[in-house]
Amino acid sequence: MKKILDIALGLVTSIGGFLDIGSVITAMQAGAAFRFQLIWVIALGTICVVFLVEMAGRLPAVSKHTIVDAMRERFGFPFYAIVMVLMTIVSLLVLVAEIGGVGLALQISTSVGYKWWAIPVALFIWLVIWKGTFGLIENGTSVLGLVTLAFIVAAFKLHPEWGSVAHGLIPSRPGKDSSGYWFIAVSIMGASISPYLMYFYSSGAVEDKWDKSYLGVNRIIAGFGMSFGGLLSMAVLIVSALVFFPRGIQVDNIDQAALALTTALPRWGFLLLALALGISCMGAAFEIALSIAYFFAQGFGWNWTENKTPREESRFSLVYTLVIVAATIPLLLGVDPLKVTVISMALTAAVLPIALIPFLLIMNDREYLGEFTNGWLSNSVVIVVLLICFALSVVSIPLEFMAG
Amino acid sequence: MPPRCRAIVFAALLTGCSGSDPARQVQSAHSWTATAILIGERWLNHSVRDGYSIDALKNASEELTKLAKTLQESMRDSSREKRSSITIPIQNGALHARQMASEVQSTNSPAFSVQLDSLRAAGRQLDRAAPREAQ
């Protein structure tokens with residue numbers, strides 16, 4: 001019975017917690033600029049994330065190590081320190097975008113600018129992490145995050161030509177703006193395969209005391225939950241392709257994104273979009289702030305668990321406190337959350353190999369996994385996708401930067 | 001690219017560089033005009049809040065004004081006629097979007113509809129002068 005409840009909660013978490021500002025905005029930009037042509041990137045990212053999340057759960061269930069524990073032990077602290085610094089920088093940028101995303105959702109709902117919301121939102125996030133438990137943070141926001149299912153309803157209500165949608169699953173070259181096309185492709189990859197998600201999931205498996213009996217649960221959550229999450233991202237793209245593309249609207253401002261659901265759901269679409277954006281960014285902000293604290297605490301061997309009081313793990317609590325403060329400052333200075341989103345997603349894709357290839361090596365190490373090491377399929381899928389990501393980011397990021 | 005230049009480009013992106021390519025600026029003008037039209041349509045059928053509509057229409061108007069000015073500068077090698085055929089509809093669009101924001105404030109739907117029609121006309125004029133990129 002407990003396993004069934006775990007599966008149900010895991011699926012809700014994967015679905016309700018899948019979207020964040022990165023996946024919403026990159027999918028909207030893709031649909032608005034290239035109609036259904038970039039759906040294949042979401043599909044590719046989702047397949048890769050299914051394998052990676054399954055690995056991130058299997059490692060702690062079998063070896064009782066989180067990814068960070070194993071990486072530090074296997075490669076030594078100096079190597080882990082490089083990964084930690086890179087991951088912290090990129091995750092911090094994503095956190096700026098997520099806190100800004102909550103602010104933008106509040107801005108369109110209240111007409112009070114996102115800058116004014118930065119401090120209240122940051123304080124709320126900090127307070128929930130300070131007072132809350134892992135279960136509350138993980139499950140609470142995910143249940144609320146089910147509001148993002150509105151995108152699926154809207155996609156069906158807009159009656160897309162499903163043949164054209166399916167055609168988008170086949171990779172194709174753009175007819176216009178190649179640098180923009182590949183840059184959005186890279187950003188979608190970065191949004192789909194967020195490395196912090198793997199680190200958070202593996203820490204969560206230790207928090208929830210997973211053992212080998214959870215391998216099946218893990219497989220179901222990773223397979224079904226993440227796949228359904230990928231469908232949600234595709235729904236965002238489809239809605240954008242049907243609302244914005246025919247009108248020639250580019251999504252580079254929240255005022256444009258805010259209109260996405262108003263065609264399919266004229267009465268509630270505006271409110272649902274604000275709720276979906278606000279809740280999904282809030283959930284992601286909790287996860288990122290905690291993930292960075294996990295990087296440090298597990299890396300330096302401090303006490304860490306979200307289930308104890310801050311007094312019992314003061315250094316862990318200090319890290320997430322400082323991280324939330326650091327992420328709030330750029331927003332107070334007027335940095336545009338949507339621009340940070342696009343840049344941070346592309347940078348995430350660029351650092352994926354550094355963040356995930358050591359993880360892949362651990363997943364093939366019998367000392368940690370015994371008979372549960374990776375098979376050829378999971379290794380091949382992840383390596384191929386990471387190489388594609390890296391190659392695309394090396395080419396498209398400078399091109400897009402130069403194009404302004 | 002040397003690290004210093006990369007840092008400058010990165011900072012420019014974060015603070016809102018909209019690209020120096022006139023073609024991208026025209027695309028952006030099409031996009032903001034279409035955005036203002038969609039906001040107008042949604043306001044008329046009560047799908048969006050008044051506060052949002054006012055802010056978003058004012059924002060669209062500001063963006064269009066900025067784009068018209070930037071295009072005047074970046075198209076200085078084009079003939080005056082060609083330049084005006086593009087920048088005038090953008091300036092008119094900015095004006096109508098600003099007017100629409102005022103009409104929302106005074107909840108004057110008939111006057112709002114008149115401005116919305118004028119904005120649509122400005123959009124069509126811009127389409128004729130600089131057709132949208134092939135989709």
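So that the names make sense, note that chain A is the first sequence line, chain B the second, and so on, each numbered from 1.
The distance from the CD atom of B:E41 to the CG atom of A:L259 is 10.0 Å, given to the nearest 0.5 Å. Atom-to-atom distance recorded for B:L38:CG and A:T263:OG1 is 6.0 Å, nearest 0.5 angstrom. Rounding to the nearest 0.5 Å places CG of A:L265 at 9.5 Å from OG of B:S47. Within the model, atoms OG of B:S31 and CG of A:N253 stand 9.0 Å from one another, a figure rounded to the nearest 0.5 Å. Note that CZ of B:R24 and CG of A:D177 are 5.0 Å apart. Values are rounded to the nearest 0.5 Å. Separation of atoms CG (A:D255) and CD1 (B:I39) is listed at 6.0 Å; rounding is to 0.5 Å.
Residue contact with chain B, scored on non-hydrogen atoms closer than 4.5 Å, involves the side chain of A:F244 exclusively.
Looking only at side-chain heavy atoms (C-beta outward), A:Q250 and B:S28 come within less than 4.5 Å of each other. Within the 4.5 Å cutoff, the side chain of A:I249 has no heavy atoms near those of the B:H30 side chain. The closest side-chain heavy-atom distance from A:Q256 to B:W32 is below 4.5 Å.
Without hydrogens or angle criteria, A:R247 side chain to B:T35 main chain gives no donor-acceptor distance under 3.5 Å.
No donor-acceptor contact under 3.5 angstrom links the side chains of A:S109 and B:R49, judged on distance only.
Annotation for A:W116: atom CH2 does not count as buried by contact number, only 12 or fewer foreign heavy atoms lying within 6.0 Å. Around atom CZ of B:F112, more than 12 heavy atoms belonging to other residues, nucleotides or ligands sit under 6.0 Å away.
Options A:L271, A:T110, A:L338, A:T262 differ in how many heavy-atom pairs under 4.5 Å they form with chain B, and the most are formed by A:T262.
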